[in-house]
*Asks:* 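Just passing along the structure, written as structure tokens.
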Amino acid sequence: MSGPLLQRRNVEYVLFDMDGLMIDSEKIYTIATNEVLGKFGKEMTWDMKAGCMGKPEREAAIHTLSFFPGIPITVDEFLVERNRVQDTLYHTVSLLPGISKLVHHLKKHNIPMAVATSSRRRNFEMKTALHQEFFSLFDGKIVCGDDRQYNMKGKPAPDIFLVAATVLGKNVGKLDEVPEAIHLVERAKGLVFEDALPGIQAGKSAGMSVVWVPDPNLLKLTHQTEEVPDQVLASLEDFKPEEWGLPPYDS
């Protein structure tokens, strides 16, 4: 699967979501969630999960529990139990196909890049513990959902991608302020990679191009987003940098 480009732009910087896009961590969220729900005879389906992907931790938990109003567990209790299980599994997280090749390629050609993840900072550190050499390629340009110094709203708000661009030194304007023409031009030079629907909305709302790499299970659902990605790929292995004005892979 490789969708046509809706709009071709020359890219000058690249922003990556992490969970389900760079690392295979979404399955851990599912395992942990269902272990907690299983105590009450319940299970999270993909239809429910689709509404959680890309959202901050607490918002995702509230969404999940909204499907089970009768079970005797609070959001805080659910998060404690689910996080306990997740913490035991994070060491098993692997990189997803195509991401290492792409990031090394961008690094080689000095393309500015950053990670923009809704994960909490402590979870980011646990998930990436086995891949520190890989994530060091971002030179510390990592923005996490609980980085309070930025006062961000979670996806689908555009905040995290605008902050990530600012961290890269891009003049994209300030959060919650109407962008000027110069800010819009700078935003349009960014390319976002996402796997979740709220992330698509966030990237497009930020005025950037978005490449969507969804889980096949997500494609089976009828969920719609107000924003349309510029390209849809089955895997990052299918990405062609030259289509976005980036240096092509070596033959």
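One is the number of the first residue; the rest follow in order along the sequence. A quick note: this is a predicted structure, and the numbers were derived from the prediction, not measured.
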*Asks:* In this structure, would I99 and L130 fall into the same cluster of hydrophobic residues linked by side-chain contacts under 4.5 Å?
*Replies:* no
*Asks:* Could you tell me if the side chain of L96 sits less than 4.5 Å from the side chain of I23, heavy atoms only?
*Replies:* no
*Asks:* Using the salt bridge (charged side-chain N to carboxylate O under 4.0 Å, His left out) criterion, which residues pair with E186? Sequence neighbours excluded.
*Replies:* K189
*Asks:* Identify the two heavy atoms, one from P97 and one from L236, that lie closest to each other, and give their separation to 0.1 Å.
*Replies:* O-CB, 3.7 Å
*Asks:* Quick check: does any side chain N or O of T74 sit under 3.5 Å from a backbone N or O of E77, one acting as donor and the other as acceptor?
*Replies:* yes
*Asks:* For F67, enumerate each residue passing the ring-ring contact (aromatic ring centres under 6.0 Å, His included) test, keeping only those at least two apart in sequence or located in another chain.
*Replies:* H63
*Asks:* Indicate yes or no for a side-chain donor-acceptor contact from N34 to the backbone of M44 under 3.5 Å, with no hydrogens or angles considered.
*Replies:* yes
*Asks:* Please check if the side chain of S205 supplies one atom and the backbone of A202 the other of a donor-acceptor pair under 3.5 Å.
*Replies:* no
*Asks:* Applying ring pair (Phe, Tyr, Trp, His ring centres under 6.0 Å), which residue pairs with at least one partner in residues 165-199 are found, sequence neighbours left out?
*Replies:* F16-F193, F193-F239
*Asks:* Of all residues at least two apart in sequence or in a different chain, which pass the salt bridge (charged side-chain N to carboxylate O under 4.0 Å, His left out) check with D19?
*Replies:* K127
*Asks:* Under the side chain to side chain donor-acceptor pair (under 3.5 Å) test, which residues partner T64, sequence neighbours left out?
*Replies:* Y29
*Asks:* Got K240 and P248 here, is their nearest side-chain heavy-atom distance under 4.5 Å?
*Replies:* no
*Asks:* Are there over 12 heavy-atom neighbours, none belonging to K108, within less than 6.0 Å of that residue's NZ?
*Replies:* no
*Asks:* Atom CE of M126 and atom CD of Q86: how far apart are they, to the nearest 0.5 Å?
*Replies:* 9.5 Å
*Asks:* According to salt bridge (charged side-chain N to carboxylate O under 4.0 Å, His left out), does anything in residues 57-69 pair up with another residue at least two apart or in another chain? List the pairs.
*Replies:* E57-R82, E57-R120, R58-D76
*Asks:* List the atom of D230, the atom of S209, and the distance in Å for their closest heavy-atom pair.
*Replies:* OD2-CA, 3.2 Å
*Asks:* Is the backbone of R121 close enough, under 3.5 Å, to the side chain of D146 for a donor and an acceptor to pair up by distance?
*Replies:* yes
*Asks:* Could I get the full list of ring-ring contact (aromatic ring centres under 6.0 Å, His included) partners for F135, not counting sequence neighbours?
*Replies:* F124
*Asks:* Taking only residues two or more places apart in sequence, or in another chain, which ones meet K101 in a salt bridge (charged side-chain N to carboxylate O under 4.0 Å, His left out)?
*Replies:* none
*Asks:* Distance check, rounded to the nearest 0.5 Å: N83 atom CG versus F78 atom CZ?
*Replies:* 8.5 Å
*Asks:* So, does D195 use its side chain to make a donor-acceptor pair with the main chain of P214 at under 3.5 Å?
*Replies:* no
*Asks:* Does the side chain of L162 reach to within under 4.5 Å of the side chain of M208, using non-hydrogen atoms?
*Replies:* yes
*Asks:* Can you check side-chain contact (heavy atoms from CB on, under 4.5 Å) on V143 and T117, steps first, answer last?
*Replies:* CA-CA 6 Å; V143 180; T117 174; over 6 Å; no
*Asks:* Any ring pair (Phe, Tyr, Trp, His ring centres under 6.0 Å) involving residues 141-176? Give me the pairs, sequence neighbours left out, ordered by first then second residue.
*Replies:* none
*Asks:* How about I182: does its CD1 atom have over 12 heavy atoms from other parts shown lying under 6.0 Å from it?
*Replies:* no
*Asks:* I'd like to know if E81 and R84 make a salt bridge, using a cut-off of under 4.0 Å between side-chain N and carboxylate O.
*Replies:* yes
*Asks:* Can you tell me how far the OG atom of S100 sits from the CG atom of L137, to the nearest 0.5 Å?
*Replies:* 7.5 Å
*Asks:* I'd like to know if the side chain of N123 reaches the main chain of S119, judged simply by a donor and an acceptor atom lying under 3.5 Å from each other, with no hydrogens or angles considered.
*Replies:* no
*Asks:* Going by the rule side chain to side chain donor-acceptor pair (under 3.5 Å), which residues pair with K141 if we only count those two or more places apart in sequence or in a different chain?
*Replies:* none
*Asks:* Rounded to the nearest 0.5 Å, what separation is found between the OG1 atom of T128 and the CZ atom of F134?
*Replies:* 10.5 Å
*Asks:* With the 4.5 Å side-chain cut-off for hydrophobic clustering, are L184 and V11 part of the same group?
*Replies:* no
*Asks:* Between the side chain of T92 and the main-chain N/O of L89, is any donor-acceptor distance below 3.5 Å?
*Replies:* yes
*Asks:* Decide yes or no for F68 and I73: does some side-chain heavy atom of the first lie under 4.5 Å from some side-chain heavy atom of the second?
*Replies:* no
*Asks:* Can I111 and E12 be said to form a side-chain contact (heavy atoms from CB on, under 4.5 Å), step by step?
*Replies:* CA-CA 7 Å; I111 305 300; E12 293 188 7; over 6 Å; no
*Asks:* Can you tell me how far the CG atom of L95 sits from the NE2 atom of H131, to the nearest 0.5 Å?
*Replies:* 4.5 Å
*Asks:* Can you confirm whether V75 sits close enough to L65 that some side-chain heavy atom of one is under 4.5 Å from a side-chain heavy atom of the other?
*Replies:* yes
*Asks:* Do I200 and W46 share a hydrophobic cluster, counting only Ile, Leu, Val, Met, Phe, Trp and Tyr and linking them when any side-chain heavy atoms are less than 4.5 Å apart?
*Replies:* yes
*Asks:* Is any side-chain heavy atom of P229 closer than 4.5 Å to a side-chain heavy atom of V211?
*Replies:* no
*Asks:* Between W244 and N10 (side chain of the first, backbone of the second, donor and acceptor by atom type, cut-off under 3.5 Å), is there such a pair?
*Replies:* no
*Asks:* What are the two closest heavy atoms between K170 and P112, and how far apart are they?
*Replies:* NZ-CG, 4.2 Å
*Asks:* Tell me, do I71 and L37 make a side-chain contact under 4.5 Å, heavy atoms counted?
*Replies:* yes
*Asks:* Ring pair (Phe, Tyr, Trp, His ring centres under 6.0 Å): which pairs involve residues 86-111, sequence neighbours left out?
*Replies:* H105-H109, H105-Y249
*Asks:* Compare every heavy atom of K49 with every heavy atom of K27, then report the nearest pair and how far apart it is.
*Replies:* N-NZ, 4.2 Å
*Asks:* Which pair of heavy atoms, one from S25 and one from G20, lies closest together, and at what distance?
*Replies:* OG-N, 3.9 Å
*Asks:* Can you pull the salt bridge (charged side-chain N to carboxylate O under 4.0 Å, His left out) pairs that have at least one residue in residues 171-185, sequence neighbours excluded?
*Replies:* K153-D176
*Asks:* Under 4.5 Å between any side-chain heavy atoms of I160 and D147, yes or no?
*Replies:* no
*Asks:* Enter the distance from E194:CD to L15:CG here, rounded to the nearest 0.5 Å.
*Replies:* 10.0 Å
*Asks:* Which pair of heavy atoms, one from C52 and one from A60, lies closest together, and at what distance?
*Replies:* SG-O, 3.5 Å
